[in-house]
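First comes the structure, then the notes that go with it.
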Amino acid sequence: MKAFTYERAKDAESAARAVAGHAGAKFIAGGTNLLDLMKIEVETPTHLVDVQDLGFDKIEKTSDGGLRIGALVTNTNLAADDRVRRDYAVLTRAIVAGASGQLRNKASTAGNLLQRTRCPYFYDTNMACNKRKPGSGCAAIGGYSRQLGVIGVSDACIATFPGDMAVAMRVLDAVIETVDPSGKHRSIPIAEFHRLWGDTPHQDTVLANGELITAVTLPRPIGGKHLYEKVRDRASYAYALVSVAAIIQPDGTGRVAFGGVAPRPWRVEAADALLPQGAAAVTARAFQGATPTKDNAFKLPLATRALASVIAQAKA
Amino acid sequence: MPEMPDLELSRRGILAGSAAAATAIAAGAVTSADAAPLPPTKAKPMMPVKFKVNGERRELSLDPRTTLLDALREHLHLTGTKKGCDHGQCGACTVMVDGVRINSCLSLAVMHEGDEITTIEGLGTPEKLHPMQAAFIKHDGYQCGYCTPGQICSAVAVLDEIKRGVPSHAQANVSQRPKVTNLEMRERMSGNICRCGAYSNIAEAMAEVAGDAFEEAKA
């Protein structure tokens with residue numbers, strides 16, 4: 001691990017200023033992804049600003065009947081919250097489908113949104129990777145790509161966003177709240193939070209340097225059956241090959257987002273509208289223009305079958 | 001307990017140490033007195049940190065890169081907690097911090113100012129085993145034993161998580177309280193890998209410690 005200096009921030013604005021004012025600085029919350037990457041020198045921050053004392057560890061009701069989830073709420077505490085289990089069960093289901101009990105106890109809500117791809121070429125510093133080292137090329141294209149993206153990817157990068165929690169937040173239309181070093185707040189709909197790679201895959205999100213996530217808000221509950229289906233190589237503690245988050249209403253309408261397939265939780269609102277016509281109609285629209293590799297083309301029929309399973313569970 | 005000096009390790013020291021392992025164990029300590037000192041590295045800024053380990057107050061001065069795992073093993077010489085993968089994938093480093101289990105390899109020691117840490121040494125002793133330790137012995141919940149401290153810390157925490165109603169992927173309905181079933185325990189233990197494959201015996205040990213709660217879940 002490269003040497004760094006460390007400080008523990010007292011409030012959000014000074015934390016944001018500390019990162020913005022120090023070249024190579026990063027926030028650290030749970031640290032479960034960042035430290036992993038620092039050990040193999042994929043991440044090499046020169047300064048860490050620890051945000052654990054900022055008090056963003058509460059889940060509160062919003063004035064319009066939704067929930068405001070503090071950025072530092074752990075995955076375990078978010079999944080276990082009674083209001084989340086009752087009104088936003090897709091979120092609990094997605095969280096408990098990810099990682100291990102130990103990691104969920106430490107991983108934060110904001111950190112989970114910011115987790116980096118698990119593309120093996122991103123992790124291997126001997127390999128070309130435009131995400132890790134801009135301009136170096138992409139060894140994944142033409143390489144081992146079974147786990148990688150099938151849509152929304154580019155000629156520069158075919159990595160996926162690896163998380164589960166954010167896929168559920170996408171069907172819940174979550175909004176990410178931030179503060180920047182000047183104290184300015186903004187609200188970013190989750191649909192716009194993760195970038196498509198394009199020519200700049202080293203930028204995962206739309207956050208500016210020093211911009212700190214303070215909370216994630218969920219709109220008021222919309223009812224329906226909340227389901228999360230995750231298909232992976234082993235029964236537990238593995239990343240998704242394909243996952244499906246869905247909220248399905250009694251009349252068969254609903255919302256659906258896919259994980260493990262794209263640079264962001266993949267939801268196409270025009271495809272949601274086709275839910276009453278069945279899984280094949282939805283995925284045909286949602287994955288229109290997909291560019292799978294020979295190794296990961298299986299993800300397209302797998303997405304259809306996973307969604308068919310979800311629709312069947314909703315009817316049961 | 002007197003504060004012990006940090007272990008001075010060098011490659012030659014480790015090689016000499018392993019060659020002399022039998023005598024070193026008999027003497028109760030590994031010495032690196034005969035190892036040539038390594039050239040001095042660039043001075044690193046050290047940081048103070050205070051926390052409680054197994055009920056005892058500890059103060060250390062650490063390179064900020066030091067993980068909680070390395071602070072426990074290399075600085076406090078609590079070597080019960082094991083380093084397996086050092087990347088949060090195997091669970092051998094599992095300890096409890098403020099009552100919940102975490103991977104100590106993926107956490108910086110300096111981030112734990114004021115925390116209460118429990119390691120395998122704090123759960124039980126050879127004279128007074130924790131019930132989970134006794135159950136692992138009775139049910140053969142290990143073979144080589146390397147993952148065992150992490151498995152036991154995790155197992156104790158898992159039963160507590162089920163008792164507190166923390167949901168899991170094994171539940172059909174996450175709005176209900178989880179039960180102590182074999183399926184629940186296996187799902188919740190998935191962050192602890194056992195290369196010897198003692199999984200079914202570990203689940204049996206956990207079921208014994210859960211006692212009535214496990215029997216009721218079966219009924």
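Residue numbers begin at 1 in each chain, while the letters A, B, ... track the order of the sequences.
- For the pair A:Gln52 (side chain) and B:Met111 (backbone), a donor-acceptor distance under 3.5 Å is present.
- Residue contact with chain B, scored on non-hydrogen atoms closer than 4.5 Å, is absent for A:Ala107.
- With a 4.5 angstrom heavy-atom cutoff, A:Thr32 touches chain B via backbone and side-chain atoms both.
- Residue contact with chain A, scored on non-hydrogen atoms closer than 4.5 Å, involves the side chain of B:Met47 exclusively.
- At a threshold of 4.5 Å between non-hydrogen side-chain atoms, the residues A:Val96 and B:Glu187 do not count as touching.
- The backbone N or O of B:Asn103 lies less than 3.5 Å from no partner atom in the side chain of A:Lys106, so there is not a single donor-acceptor pair.
- For a residue to count as touching a neighbouring chain, one of its non-hydrogen atoms must lie under 4.5 Å from one of that chain's; by this rule A:Leu34 does not touch chain B.
- Within a 6.0 Å radius of CZ in B:Arg195, no more than 12 heavy atoms belonging to other residues, nucleotides or ligands are found.
- When side chains are defined from C-beta on, A:Phe4 counts as touching B:Leu108, because their heavy atoms get closer than 4.5 Å.
- With a 4.5 angstrom heavy-atom cutoff, A:Lys230 does not touch chain B via any of its atoms.
- A:Asp36 and B:Gln89 share no donor-acceptor pair across their side chains, judged by distance under 3.5 Å alone.
- Note on A:Arg234, A:Arg93, A:Arg86: by heavy-atom pairs under 4.5 Å with chain B, the leading option is A:Arg93.
- The environment of CZ in A:Arg305 is sparse: at most 12 heavy-atom neighbours from other residues, nucleotides or ligands sit within 6.0 Å.
- You'll find the side chain of B:Glu113 reaches within 4.5 Å of the side chain of A:Arg8, heavy atoms only.
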**Request:** Decide yes or no on side chain to side chain contact (heavy atoms under 4.5 Å, CB included) for A:Gln102 and B:Ser154, but give the supporting numbers first.
**Result:** CA-CA 8 Å; A:Gln102 291 96 315; B:Ser154 220; 3.3 Å; yes
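- Side-chain contact between A:Leu35 and B:His87: absent, with no pair of heavy atoms (C-beta onward) separated by less than 4.5 Å.
- Within a 6.0 Å radius of NZ in A:Lys225, other residues, nucleotides and ligands contribute more than 12 heavy atoms.
- Closest approach of B:Gly191 and A:Ser100 over heavy atoms only: CA-CB, 3.5 Å.
- Here the straight-line distance linking atom CZ of B:Arg188 with atom OG of A:Ser236 works out to 11.0 Å at 0.5 Å rounding.
- Atom CZ of A:Arg220 is surrounded by 12 or fewer heavy atoms from other residues, nucleotides or ligands within 6.0 Å.
- B:Ser175 touches chain A through backbone and side chain together, each having a heavy atom under 4.5 Å away.
- B:Pro64 and A:Tyr6 make their closest contact through CB-CB, 4.2 Å (heavy atoms, listed as atom of the first residue, atom of the second, distance).
- Separating the CG atom in B:Leu106 from the CG atom in A:Leu37 is a distance of 10.0 Å, to the nearest 0.5 Å.
- Side-chain N or O atoms of A:Asn105 include one that pairs as donor or acceptor with a backbone N or O of B:Arg101 at under 3.5 Å.
- Each of A:Ala99, A:Gly101, A:Gly31, A:Ala238 has some count of heavy-atom pairs under 4.5 Å with chain B, and the biggest count is that of A:Gly101.
- Of the atoms belonging to B:Asp86, heavy atoms from both backbone and side chain fall under 4.5 Å from chain A.
- Atom OH of A:Tyr237 and atom NE2 of B:His169 lie 15.0 Å apart (nearest 0.5 Å).
- Although no hydrogens or angles enter the test, the distance criterion places a donor-acceptor pair under 3.5 Å between the side chain of A:Arg85 and the main chain of B:Gln176.
- Between B:Cys105 and A:Lys39 there is a side-chain heavy-atom pair separated by less than 4.5 Å.
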